[in-house]
Amino acid sequence: MDSEQVARERRSKNRQLLLYLMIPVTLIMFGVAFAQVPLFRIFCQKIGFGQSPLTDVSESEGGREVKVLFTGVAAGNLPVYFRPKRSIMTAHLGQKFENAYNFVNMSDDTVYFRPVHSILPEDAAKKFTMTKCFCFDDQMMLPREEKTFPVISILSKELNDEIEQVTLHYTLFEKNPAEMEFGRNVSNVADNAAGAGK
């Protein structure tokens with residue numbers, strides 16, 4: 001058997017080995033992709049990221065005070081500067097409190113993005129209700145445009161007694177203009193709750 005034939009057989013065996021290795025790798029990758037959405041959902045629920053803010057909590061007599069921090073960041077290279085009107089507030093449990101975020105498109109281009117909120121700590125995420133917000137509502141801003149979005153919230157009196165400070169954080173994610181979803185019928189979009197905030 002000459003060296004060329006040996007090399008051919010070796011290449012053939014290598015291809016077969018590669019094929020046998022690729023089948024389980026492909027199956028594993030498919031399984032991970034399939035599980036990604038429910039796993040991400042569980043992760044979000046655990047840390048209070050992206051949970052539906054418009055839950056059923058009614059206003060009641062004012063309870064104890066807690067500090068509420070408002071923060072935000074634009075992900076990637078999104079040229080949007082935004083900040084809360086008040087970075088820190090004192091809220092009474094059971095009573096509405098209101099703030100707003102000011103947005104500025106710093107670029108000469110139209111920008112498209114989706115704001116996603118998170119609430120920390122975990123227990124507060126389950127007790128933090130927004131009656132008006134801009135969470136998950138796709139936004140378009142013209143060059144150099146400025147906008148203000150109100151946020152009206154209630155913290156339940158059932159909040160853990162050990163929690164003295166709650167953080168409401170927004171992350172802006174850039175979106176492809178072709179994938180924008182305006183006027184969606186989603187329970188936690190600010191426009192659907194505008195009447196509740198008035």
Side-chain angles (χ1 to χ4, degrees), residues 43-60 62-107 111-141 144-175 186-198:
F43 170 76
C44 288
Q45 287 172 348
K46 270 309 215 183
I47 66 165
F49 180 81
Q51 286 186 289
S52 174
L54 300 179
T55 52
D56 214 2
V57 174
S58 55
E59 199 169 6
S60 60
R64 69 181 176 90
E65 292 183 347
V66 292
K67 292 252 190 279
V68 182
L69 303 180
F70 295 83
T71 61
V73 65
N77 296 318
L78 185 68
V80 175
Y81 173 77
F82 77 112
R83 53 174 279 194
K85 281 193 173 180
R86 295 174 65 186
S87 297
I88 194 164
M89 293 179 67
T90 300
H92 289 273
L93 297 186
Q95 294 197 328
K96 286 183 183 174
F97 55 98
E98 185 172 352
N99 201 355
Y101 277 79
N102 296 322
F103 288 71
V104 182
N105 178 0
M106 306 294 286
S107 74
V111 295
Y112 304 86
F113 60 91
R114 177 176 292 182
V116 176
H117 77 288
S118 56
I119 298 163
L120 293 170
E122 179 187 342
D123 185 63
K126 298 168 185 172
K127 307 292 190 304
F128 198 110
T129 299
M130 297 182 192
T131 60
K132 188 175 182 79
C133 77
F134 53 91
C135 322
F136 306 107
D137 199 5
D138 290 350
Q139 301 294 334
M140 176 188 77
M141 292 185 72
R144 306 292 169 183
E145 184 178 12
E146 298 183 22
K147 287 185 177 181
T148 299
F149 294 106
V151 179
I152 302 174
S153 314
I154 303 173
L155 264 165
S156 169
K157 282 186 168 182
E158 295 175 14
L159 183 69
N160 189 316
D161 289 339
E162 295 177 3
I163 296 176
E164 297 179 357
Q165 182 174 294
V166 175
T167 300
L168 171 60
H169 177 81
Y170 281 96
T171 304
L172 308 185
F173 293 98
E174 192 167 4
K175 287 208 70 178
V186 177
S187 63
N188 56 5
V189 172
D191 289 345
N192 293 338
K198 290 177 181 176

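FYI, the numbering just counts along the sequence from 1.
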Subject >> Listed partners of K67 passing side chain to side chain contact (heavy atoms under 4.5 Å, CB included), at least two apart >> reply: I88, T90, Q165
Original post:
Which atom names give the shortest non-hydrogen contact between V68 and A91, and what distance separates them?
Top reply: CG2-CB, 3.9 Å
Subject >> CZ on R64 to NE2 on H92, rounded to 0.5 Å >> reply: 12.0 Å
Original post:
G94 and I154: which non-hydrogen atoms are nearest, and at how many Å?
Top reply: C-CG2, 3.8 Å
Original post:
What residues form a ring-ring contact (aromatic ring centres under 6.0 Å, His included) with Y170, not counting sequence neighbours?
Top reply: Y101, F134
**OP:** Return the minimal non-hydrogen interatomic distance between D137 and P115, and the atom names on each side.
**Re:** O-CD, 3.2 Å
Subject >> Derivation and outcome, side-chain contact (heavy atoms from CB on, under 4.5 Å), residues V111 and L78 >> reply: CA-CA 8 Å; V111 295; L78 185 68; 4.3 Å; yes
**OP:** Kindly indicate, with the supporting measurements, whether the criterion side-chain contact (heavy atoms from CB on, under 4.5 Å) is fulfilled by K127 and L93.
**Re:** CA-CA 10 Å; K127 307 292 190 304; L93 297 186; over 6 Å; no
Subject >> E164, CD atom: more than 12 neighbouring heavy atoms under 6.0 Å >> reply: no
Original post:
So, for V104 and E146, which heavy atoms are closest and what is the spacing to 0.1 Å?
Top reply: CG2-CG, 3.8 Å
Original post:
In Å, rounded to the nearest 0.5 Å, how long is the span from OG of S153 to CD of E98?
Top reply: 9.0 Å
Original post:
Can you name the closest pair of heavy atoms from I163 and P121 and give their distance?
Top reply: CD1-CG, 3.6 Å
Subject >> K175 side chain vs M140 backbone, donor-acceptor pair below 3.5 Å >> reply: no
Original post:
So which heavy atom on A74 is nearest to which on F82, and how close?
Top reply: N-CE2, 3.9 Å
Subject >> From H117 atom NE2 to T171 atom OG1, the distance as rounded to the nearest 0.5 Å >> reply: 11.0 Å
Subject >> Non-neighbouring partners of R86 that pass side chain to side chain contact (heavy atoms under 4.5 Å, CB included), sequence neighbours left out >> reply: M89, N99
**OP:** Tell me, please, which residues at least two apart from R144 pass side chain to side chain donor-acceptor pair (under 3.5 Å).
**Re:** D108
**OP:** Given side-chain contact (heavy atoms from CB on, under 4.5 Å), test F103 with L172 step by step and report yes or no.
**Re:** CA-CA 11 Å; F103 288 71; L172 308 185; 3.7 Å; yes
Original post:
Once you round to the nearest 0.5 Å, how far does OG1 of T129 lie from NZ of K96?
Top reply: 11.0 Å
**OP:** With sequence neighbours left out, write down each residue that passes side chain to side chain donor-acceptor pair (under 3.5 Å) with T71, or none if nothing qualifies.
**Re:** H169
**OP:** Return the set of residues passing side chain to side chain contact (heavy atoms under 4.5 Å, CB included) with N102 (not counting sequence neighbours), or none when no residue passes.
**Re:** K85, T148
